[in-house]
Amino acid sequence: MENITDYLCKYKDYVFAIGVTTAEYIDSLQNFEIRDSDVFVVTYPKSGTVWTQQIVTLICESDFEDSGLYPNNLERMPWLEYREGRPDYSLRASPRLFASHLTPVLMPPGLRDRRAKVIYVMRNPKDNVVSYYHFCLAWAALETPKSFDEFLQHFLSGQVGAASWFDHVRAWYSRREQYNILFLTYEDMIMDLHTAVRKICHFLERDLDEAAINRIVEKATFKNMKTDPKANYEFLPEDMLNREKSTFLRKGTIGDWKNTFTVAQSEMFDCVYQERMGDLPLKFIWEMNGQPL
Ligand code: A3P
């Protein structure tokens, strides 16, 4: 791994926070044995990972023979790429759930057998970068941005953890035929959480009745997750995440970017977005009901 700043290192065109993993471990994922029943939630950071983690964990809850073994969603659905301190995943009971921010080339090749399931959640990149900016203000392992403008430049050039948003979304979307993959957007989930949960159930082949779906929706609302100690990541130590600066559940809305971007930054971003993503048929919702927030 090559250090590119005091906080970030690069490996195979991907960017990690220094110290979270090793090249050997990432390479070992090429031999990671995938089970047909595995479920992966894959995202670019700050796209709604923790939210989807909660939904998928609740949907699969009745399948777990080892219920109660894991104190929170992070333990139940660990990050694939952060090996440190984790048990041997080959010893885990099925179904195994994993979260990941990796790009397809770094993922276990067995996923391309199209049996294990991948849920890819993406978010409009203006809200994504604002959420990421606030996260960096609070997350000790990442450099504290001097200003939003500086962070925006780093985001656009891919000099942030998980590298470029544009490359990440493109890489997963353009290889979608190779995977058993469900694409969802954060905005779909905000606009109609019930439909999103139902879609995820259907994809995971879990036939839950309406009452069970309603219970999951209730437990996955922003308000309820914020006070759910299994889901809200408040269990992380204070020296890792400074809660006075930000939290995993911060605003939970669409269009917060308008409170941060200047008009000039927004226009510049639109040009870059058009240049880099204009050929893809992706449609994001950029603001609530078209109304300024
Ligand atoms: P904001 O910072 O815009 O509030 P990730 O889990 O990938 O780190 O993403 C974090 C973002 O998802 C944060 O966005 C957080 O508030 C939002 N989020 C998490 N749970 C949510 C929920 N139940 N409803 C809406 N947004 C949620």
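FYI, side chains are in, hydrogens and waters are out, and symmetry mates aren't considered; it's all heavy atoms of this structure. Counting starts at 1 for both ligands and their atoms, in listed order. Note that this is a predicted model, so its numbers are computed, not measured.
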Under 3.5 Å: N/O of [X] near N/O of ligand 1:
X      : answer
Ala220 : yes
Ile190 : no
Thr253 : no
Leu249 : no
Tyr44  : no
Ser47  : yes

Taking the six-membered ring for Trp, are the ring centroids of Trp165 and Phe284 within less than 6.0 Å of each other?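 Aromatic pair counts; centres sit under 6.0 Å.
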Taking the six-membered ring for Trp and the single ring otherwise, decide whether the centroids of Phe98 and Phe32 are under 6.0 Å apart. yes
Protein heavy-atom partner closest to [atom] - residue, atom, separation in Å:
atom                    : answer
atom 1 (P) of ligand 1  : Ser131 OG, 3.4 Å
atom 16 (O) of ligand 1 : Arg250 N, 3.0 Å
atom 6 (O) of ligand 1  : Val50 N, 2.8 Å
atom 26 (N) of ligand 1 : Tyr186 OH, 2.8 Å
atom 11 (C) of ligand 1 : Arg123 NH1, 3.7 Å
atom 15 (C) of ligand 1 : Phe248 O, 3.1 Å
atom 7 (O) of ligand 1  : Thr49 OG1, 2.4 Å

Within 45° cone and under 6.0 Å: [X] NZ/CZ vs [Y] ring:
X      : Y      : result
Arg92  : Tyr89  : no
Arg243 : Tyr233 : no
Lys46  : Phe135 : yes

Does a side-chain N-to-carboxylate-O contact under 4.0 Å join [X] and [Y]?
X      : Y      : value
Glu205 : Lys117 : yes
Arg123 : Asp188 : no
Asp63  : Arg206 : yes

Region of Lys251 that comes within reach of ligand 1 [heavy atoms, distance under 4.0 Å]: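 Both backbone and side chain of Lys251 come within 4.0 Å of ligand 1.
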Can you name the atoms of ligand 1, numbered from 1 with element, that are less than 4.0 Å from a heavy atom of Met225? 20 (N), 23 (N)
Atom indices of ligand 1, in the order listed, that fall short of 4.0 Å to a heavy atom of Thr221: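 Near Thr221, the atoms of ligand 1 are 23 (N).
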His168 and Tyr120: side chain donor to acceptor below 3.5 Å: yes
Heavy atom of [X], distance to ligand 1 below 4.0 Å:
X      : value
Gln54  : no
Lys46  : yes
Thr43  : no
Phe135 : no

Count the heavy atoms belonging to other residues, nucleotides or ligands that lie under 6.0 Å from NE2 of His202, then report whether that count exceeds 12. no
Under the 3.5 angstrom rule, does the side chain of Trp257 hit a backbone N or O of Trp286 as a donor-acceptor pair? yes
Is the shortest side-chain heavy-atom distance between Phe248 and Leu241 below 4.5 Å? yes
